[in-house]
Amino acid sequence: MIKQAIIPLAGLGTRLLPLTSIFAKELLPINGRPGIEYILDECINAGIEEIIFIISSKKLMIKKYFYSDQFYKKIIKKKKDKRIIDEYKKILKYKKKIKFVYQNIPKGTGDAVLRTQKYIKNKYFLMLLPDDLIIKKNCSKAMIRIHQKYKSSVMASMTVKKNTVSRWGIYKIKKKLNKKNFYIEGVIEKPSIKQAPSNKAVIGRYILPKKIFSKIKSLKPMKGNEIHITDAIQLLIDNNEKFIAHNFEGKYLDCGTMDGYINSSKVIGKL
Ligand code: G1P
């Protein structure tokens, strides 16, 4: 059963500067709601019971967003505004499910995952990267179903333009399971066009096995002096762990770049 999700939130958000110089990118509004709420809704609707946020001391405003009880209570006491009461109830619903762990030096997704080790209870857990919004279909829910069917690790995937491969983790197919699901043979983080084994990219949803923690520990920092989850996944594959790439059905919105972020509000606004 996948009941826990983890969300790395300690990144600096340099691709969204100047918006992120003093503000957490995950709280930036997308069509009037902080981006992180879309991610939380995806988790909760997929049956996740506990969500672990990996934040840093620079991103404490994320914790404050969910811990503003006094502020809400005072306002609600003064004016019984239905909209504010509903918003507060929503925040409380999220808060009940969230736990915080810290990664004060941004040393990559792999290192972020490692911070959650002592809290992970089951054999597998879900990870969502908050830059990647997937709308219209619940990608996590679909991946959990695939995991249950094949008893395998799963990653969300999408075909990308060949000239953009260096922006993504790129994987190589080992075997086609059906139209949307493939066993993968290997994955490489942000390859050059020359190095890339394909133009199939990993998107920020992963169902990972607990075993990944020991693999992360054996890694040294790689590209950009960071420990990448992609490299730990490759080590697991080398150890015969099965990984499925799942071509998701929803619409992908890249909120981690300025153009993508601006576009995401436009697209969601039209839904
Ligand atoms: C991360 C992963 C990369 C993946 C991408 C999806 O990169 O490291 O493998 O393809 O998310 O958005 P980042 O966006 O943090 O640079």
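On a predicted model such as this, the values are computed, not experimentally measured, just so you know. Order of listing sets the numbers, starting from 1, for every ligand and every atom in it.
At least one N or O atom of Gly169 sits closer than 3.5 Å to an N or O atom of ligand 1. Any N or O atom pair closer than 3.5 Å counts here, and Trp168 shares no such pair with ligand 1.
Under the 6.0 Å distance and 45° angle rule, Lys63 counts as a cation-pi partner of Phe100. Remark: Lys64 fails to qualify as a cation-pi partner of Tyr67 under the 6.0 Å distance and 45° angle criteria applied to the six-membered ring. Both tests pass for Arg33 against the ring of Tyr38: distance under 6.0 Å to the centre and angle within 45° of the axis.
For atom 8 (O) of ligand 1, the nearest non-hydrogen atom of the protein is Glu189 OE2, 2.7 Å. Nearest non-hydrogen protein atom to atom 11 (O) of ligand 1 is Leu129 CD1, 3.3 Å. Closest protein heavy atom to atom 7 (O) of ligand 1: Lys190 NZ, 3.2 Å. The protein atom (non-hydrogen) at minimum distance from atom 12 (O) of ligand 1 is Asp132 OD2, 2.7 Å. Among all protein heavy atoms, the one lying closest to atom 5 (C) of ligand 1 is Val202 O, 3.9 Å.
For Lys266, the NZ atom is loosely surrounded, since the number of other residues' heavy atoms within 6.0 Å does not exceed 12. Heavy-atom neighbours of Lys90 NZ from other residues, nucleotides or ligands within 6.0 Å: above the threshold of 12.
Within the 4.5 Å cutoff, the side chain of Cys139 has heavy atoms near those of the Glu42 side chain.
Applying the side-chain hydrogen bond (donor to acceptor under 3.5 Å, both in side chains) test between Gln234 and each of Asp231, Thr230, Asp238 identifies Asp238 as the sole match.
Within the listing of ligand 1, atoms 9 (O) sit less than 4.0 angstrom from a heavy atom of Thr230.
Distances shorter than 4.0 angstrom occur between a heavy atom of Arg15 and an atom of ligand 1. For His228, the heavy-atom gap to ligand 1 stays at 4.0 angstrom or more.
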